[in-house]
Amino acid sequence: LAIRATTGTAFSPFGTYSVELKDTSAPWKPEDIMLRVCSMGSYGKHSAIMIGSAGAVKTIWAYVHMGSWSVYGSISNPGEGGEWSPNPPMPYGALPPC
């Protein structure tokens, strides 16, 4: 999974895309393909997690916005659309706080 700019093809500036590591269109580095996964437990939402790019400067958070099934990216807090609930839930303390 990679979070990349939509280059004007969608309402949101970033989208999530599946990528194959054998794809030679980009030189893959670990920081380009790794994700940040964190717990919302410190906000009282113990079963919720957030998923984002492991960007060097600012995390781009994955979210679903109203009226879409696609997953986009936001450089600000995307709200409830960016809160994911794994099933079964992650044990509290298993992930770093957001």
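Residue numbers run from 1 in the order of the sequence given.
Considering CH2 of W84 and CD1 of I51, their distance stands at 6.0 Å, rounded to 0.5 Å. Atoms CG and OH, from N77 and Y63 in turn, are 11.5 Å apart once rounded to the nearest 0.5 Å. Considering CD of E83 and OG of S47, their distance stands at 9.0 Å, rounded to 0.5 Å. Between K45 atom NZ and M50 atom CE the span is 9.5 Å, to the nearest 0.5 Å. The OG atom of S74 sits 10.5 Å away from the CH2 atom of W61 when rounded to the nearest 0.5 Å.
For the pair P86 and I49, the minimum side-chain heavy-atom distance is below 4.5 Å.
Taking the side-chain contact (heavy atoms from CB on, under 4.5 Å) definition, one finds that S39 meets it with L95, sequence neighbours left out. With sequence neighbours left out, S42 forms a side-chain contact (heavy atoms from CB on, under 4.5 Å) with P97.
Applying the disulfide bond (SG atoms under 2.5 Å apart) rule to pairs touching residues 64-93 yields nothing, sequence neighbours excluded.
Hydrophobic clustering of Ile, Leu, Val, Met, Phe, Trp and Tyr side chains at less than 4.5 Å, counting indirect connections, unites V37 with V64.
Between M40 and C98, the shortest heavy-atom contact is SD-SG, 3.8 Å. The heavy-atom pair separating I75 from K58 by the smallest distance is O-CE, 2.9 Å. The minimum heavy-atom distance linking P78 with A62 is given by the pair CG-O, 4.4 Å.
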